[in-house]
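Below is one structure, written out as structure tokens; the observations come after it.
So you know, we letter chains A, B, ... as the sequences are listed, proteins then strands, and number each from 1. The figures that follow rest on heavy atoms only: side chains count, while hydrogens, waters and symmetry mates do not.
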Amino acid sequence: MTRYAPAETEKKWQKAWEEADVFRAERDESRPKYYVLEMFPYPSGRIHIGHVRNYTMGDVVARYKRSTGHNVLHPMGWDAFGMPAENAAMASGGHPKDWTYQNIADMRDQMKPLGLSIDWTREFATCDPEYYGQQQALFLDMLDKGLIYRKNAVVNWDPVDMTVLANEQVIDGKGWRSGAPVERRELTQWFFRISDFAEELLEALDGLEKWPEKVRLMQKNWIGKSRGLEMAFPLTEPAAGFDRIEIYTTRPDTLMGASFIGISPDHPLAKALEAENPEIAEFNAECRRMGTSEADLEKAEKKGFDTGLRVRHPLFPERELPVWIANFILMDYGTGAIFACPAHDQRDLDFARKYGLPVIDTFVALEDGKPVENEAFVPPKSEKVKWLDHFTGLDVATGEEAIEATIEKAEREGWGRGVTRYRLRDWGLSRQRYWGCPIPVVHCEACGTVPERKENLPVRLPDDVSFDQPGNPLDRHPTWRDVPCPKCGAPAKRETDTMDTFVDSSWYYARFTSPHADVPVDLAEAEYWMNVDQYIGGIEHAILHLLYSRFFARAMHLTGHLPGKAIEPFDALFTQGMVTHEIYLTRDENGRPVYHLPEEVDREKGVLKATGEPVEIIPSAKMSKSKKNVVDPVDIIARYGADTVRWFVLSDSPPERDVEWTAAGAEGAFRHLGRVHRLAHEIAASDAPANEHDEALERERHRAIDDVTRGIEGFAFNTAIARLYAFTNAIAKSQAGAEAKKRAVLTLAQLMSPMTPHLAEEIWAVLGGEGLIVNAPWPEADAKMLVEDTVTLPIQINGKRRSQITVARDLAREEVEKHALQDEAVQRALDGKAPKKVIVVPGRIVNVVV
RNA sequence: GCCCGCGUGGUGGAAUGGUAGACACAGGGGACUUAAAAUCCCCAGGCAGAAAUGCCGUGCCGGUUCGAGUCCGGCCGCGGGUACCA
């Protein structure tokens with residue numbers, strides 16, 4: 001008998017699929033289509049176990065849908081622009097392009113042995129000029145439609161390297177290479193008007209029924225619709241050309257608790273005051289000496305500066321409030337100015353206590369309402385509270401009621417307007433980097449900003465660049481940068497910023513429907529293939545990538561590049577958990593982390609093998625190359641074969657949950673597949689006659705079909721596999737005849753085929769299945785074979801399981817109760833008394849309360 | 001800080017509000033073998049007990065319910081996102 005030898009058989013079946021060209025997807029109106037897509041990878045150079053998990057899940061869905069008669073589109077490509085390629089070029093002197101294409105070749109070589117049912121004829125990389133040229137065409141059409149505009153925005157500026165840093169490159173407020181404290185600096189940048197779509201993107205979330213609730217909730221909160229009041233506080237004396245400060249608040253009901261006005265260091269008034277007051281200039285400069293990330297700003301120590309200016313409270317003209325510049329107020333939200341109500345906002349309270357500002361209660365709890373001391377009183381807006389002499393006359397009311405009453409009063413009296421605002425900001429797409437899609441515009445002194453002509457697309461990245469100095473090499477590339485104006489022909493300069501890589505990944509799913517078209521998307525193909533029926537990817541993309549894609553699909557529709565049906569491009573979304581692994585780090589002389597590979601660390605002693613230096617161990621974190629905690633699955637594939645790895649990653653954990661990676665257990669998966677292989681050969685050689693055990697095995701076969709099918713449909717791959725273990729055990733133990741066993745093993749092979757396609761083909765061939773299993777229709781369970789005549793019910797006494805009874809499946813409730821009360825354990829517990837209550841849940845449980 | 005998740009045996013995990021620990025991994029015992037490997041069989045949450053069985057047990061505290069791992073409230077811990085990592 002042949003041993004299970006995946007190294008040989010997996011290649012053989014991959015060749016058979018290739019020769020039959022089974023995974024090529026062609027438009028075919030006569031068959032229902034199914035488009036399954038996994039989030040495409042960044043070509044870091046090595047696949048990691050998270051990729052394997054992601055693509056195996058997608059492959060299970062793709063293969064299952066194929067066998068249920070669908071015309072399946074299952075493509076693969078590369079999210080190939082981005083910072084790591086430039087970092088590699090800076091570190092080792094190569095070119096981002098060479099690095100990227102080499103990585104793609106390497107990763108493709110690592111992926112192919114997995115036997116994924118991918119239509120490789122549709123493969124592309126976002127750094128292919130054929131792709132990014134079409135992206136430039138989309139940009140021009142969107143610019144023409146008014147979906148894109150320019151404005152100033154802040155970036156992280158490294159004053160030593162004289163370059164813009166990504167948030168990731170700012171560590172503890174310092175540039176990652178120079179170590180210099182970063183500054184916030186304003187640049188003119190391109191923006192998508194995504195905030196114009198805030199309401200629509202919010203409302204459409206309700207229709208995404210096949211998306212996880214948590215993702216919809218995250219997006220809802222991110223869009224952040226709020227109802228509030230816009231109003232102005234007049235300055236007691238005009239200053240720096242301002243006579244008032246416009247604020248926006250979602251809690252106008254607490255206006256009488258206002259204790260000061262806070263403005264952002266980037267507020268126009270704050271900037272104007274810098275010219276007059278060197279102390280303010282210094283304070284603002286200090287505030288700007290930090291990164292731009294929201295997390296950093298919010299977590300930074302709260303600091304303020306009293307401008308000395310005063311405003312008059314519009315409702316209580318006798319009250320004057322001081323105007324402070326505060327580092328925690330963001331210019332991007334609202335108007336960049338707030339009124340602070342320390343009694344009902346913890347951050348305001350901390351600030352007030354620090355600077356000795358008043359704390360004025362506006363409401364207290366209904367029961368034992370006490371004034372605020374060191375903890376702000378912030379009940380839910382829907383909770384009734386006792387108002388203290390409220391200006392609307394309310395006494396006991398909820399926050400919501402008080403807000404509405406305040407807005408109504410403000411509008412009636414003319415000192416404020418109720419407005420709806422969104423937290424969502426426009427999407428800045430400019431990046432001051434080389435390795436991205438060039439923004440196809442030219443800046444002309446006479447004509448201003450001029451779009452490139454479409455016939456000149458793609459605007460190709462120049463190859464002759466170097467990364468031996470910091471900054472964007474496009475800025476110092478005269479023959480690429482200096483071009484004639486497309487409009488007037490005068491000397492002009494190309495835009496040297498490139499696009500955010502999120503733009504690349506916001507439409508690749510549409511490009512896959514016609515990857516070689518000479519327009520961005522062939523509408524006939526998109527009409528057939530869109531939408532993506534099942535999208536699969538990491539939960540870390542729950543907001544940005546998915547929200548940008550939803551916006552971009554709408555923008556593409558408005559510019560005629562997608563049919564209206566595709567404005568929500570992903571019908572169903574599954575967010576897989578991340579594969580995590582320990583991180584090992586030491587610190588350099590400046591306290592900055594230095595990461596180490598697992599093999600460099602003595603895990604037992606917690607030290608570096610080479611130096612004996614102690615390492616910090618972070619127990620669990622997302623795998624990332626920069627943190628050096630990526631585990632390479634290639635060795636395991638080489639050792640056990642693709643089917644074992646596929647089986648193992650699916651069986652190991654529920655797909656939506658994060659998993660700490662450990663290879664322990666892969667061996668067991670391999671042994672099991674070997675067992676299935678052996679079982680198939682034994683049964684193929686058997687001629688045991690039909691007998692009385694056949695029916696039981698046949699019933700088990702139908703139950704397995706039913707359970708596994710439901711497991712796959714519901715993304716419960718781990719339990720589907722547990723069921724397949726049980727089915728295998730049942731076949732092995734069964735004494736049924738050879739025919740019944742053959743039927744069972746053929747079904748086992750089919751049920752396993754989405755997970756372990758090579759082994760399934762092998763078994764199918766051994767047992768004389770017709771053609772390739774990949775082309776065989778999915779087995780169907782006979783409902784009649786699934787029902788049992790009797791059912792065993794647990795009996796609880798006072799909610800604790802004490803006994804059980806076996807009764808006919810359809811026995812009446814009263815009869816079940818009667819039987820249960822006869823039970824010995826129940827009799828003992830009752831001790832002759834009548835039960836207080838008996839609960840019978842038919843088919844499930846009996847609970848006797850004594 | 002804010003938003004969203006997650007927390008169950010030695011380990012991965014299972015469980016429409018209804019028998020907590022399915023199915024595995026690691027482990028222990030046994031069969032086969034000269035031996036080993038491979039394979040097959042059995043055991044296995046904790047405590048007490050020879051056993052029957054009893055008590056305890058799903059991060060912690062409280063609540064709803066005949067019944068809570070599951071629902072609600074409050075904590076603790078961990079993870080993701082936080083708009084220039086992808």
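The side chain of A:Asp658 has B:rG79 as its nearest neighbour among B:rA83, B:rG79, B:rC55. For A:Gln804, the listed nucleotide lying nearest its side chain is B:rU19; candidates were B:rG5, B:rA15, B:rU19. Proximity note for A:Lys299 (side chain, C-beta onward) versus B:rC84, B:rG1, B:rA86: the nearest is B:rG1. Counting only heavy atoms from C-beta on, A:Arg844 has its side chain closest to B:rU16 among B:rU16, B:rC85, B:rG81. For A:Pro654, taking side-chain heavy atoms from C-beta onward, the closest of the listed nucleotides B:rG80, B:rC84, B:rA14 is B:rA14. With distances taken from any side-chain atom of A:Pro84 to the nucleotides B:rG18, B:rA86, B:rC56, the minimum falls on B:rA86. In the set B:rG81, B:rC84, B:rG54, the nucleotide with an atom closest to the side chain of A:Glu540 is B:rG81.
A:Leu297 has its CG atom 9 Å from the P atom of B:rA83, to the nearest Å. If you measure from atom CD1 of A:Ile721 to atom C1' of B:rG12, you get 13 Å, rounded to the nearest angstrom. Look at CE on A:Met218: it is 12 Å from C1' on B:rG79, rounded to the nearest Å. Atom CG of A:Leu187 and atom P of B:rC84 are 13 Å apart (whole Å).
A:Thr790 and A:Thr806 share no side-chain donor-acceptor pair at under 3.5 Å. Residues A:Ser293 and A:Asp296 bring a donor and an acceptor atom of their side chains to less than 3.5 Å of each other. A:Ser653 and A:Arg53 share a donor-acceptor pair across their side chains, judged by distance under 3.5 Å alone.
When base pairs are accepted only as Watson-Crick or G-U wobble with both N-N or N-O distances under 3.5 Å, RNA chain B takes part in stems of 3 or more pairs at B:1-7 with B:76-82, B:10-12 with B:23-25, B:27-31 with B:39-43, B:45-48 with B:53-56, B:59-63 with B:71-75.
For the pair A:Ser653 and B:rG13, the criterion of a side-chain N or O lying under 4.0 Å from OP1 or OP2 is not met. Residue A:Arg657 places at least one side-chain N or O closer than 4.0 Å to OP1 or OP2 of B:rG7. Checking the phosphate oxygens (OP1, OP2) of B:rG12, no side-chain nitrogen or oxygen of A:Asn718 falls inside 4.0 Å. Between B:rA24 and A:Arg723, no contact under 4.0 Å exists linking OP1 or OP2 to a side-chain N or O.
Spacing of C1' atoms, B:rG9 relative to B:rU58, comes out at 10 Å, to the nearest Å. When the P atom is used for both B:rU16 and B:rG7, the distance is 14 Å, rounded to whole Å.
By the 6.0 Å and 45° rule, A:Arg150 stacks over the aromatic ring of A:Trp190.
Summarising the geometry, atom CD1 belonging to A:Ile223 is positioned 12.5 Å from atom CZ belonging to A:Phe197; distances are rounded to the nearest 0.5 Å.
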Task: Base-contact (B) and sugar-phosphate-only (S) positions in nucleotides 36-45 of chain B, heavy-atom cut-off under 4.0 Å, - elsewhere - done: ---SS-----

- [ ] Determine, for nucleotides 63-73 of chain B in 5'-to-3' order, which nucleotides have protein heavy atoms under 4.0 Å from the base (write B), from only the sugar-phosphate (write S), or from neither (write -).
- [x] ---BS------

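Ring-plane geometry between A:Phe40 and A:Tyr508 is classed as parallel, the angle between the planes falling under 30 degrees on a 0 to 90 degree scale with a further cut at 60.
One N or O donor and one acceptor, one from the side chain of A:Glu294 and one from the base of B:rG1, sit under 3.5 Å apart.
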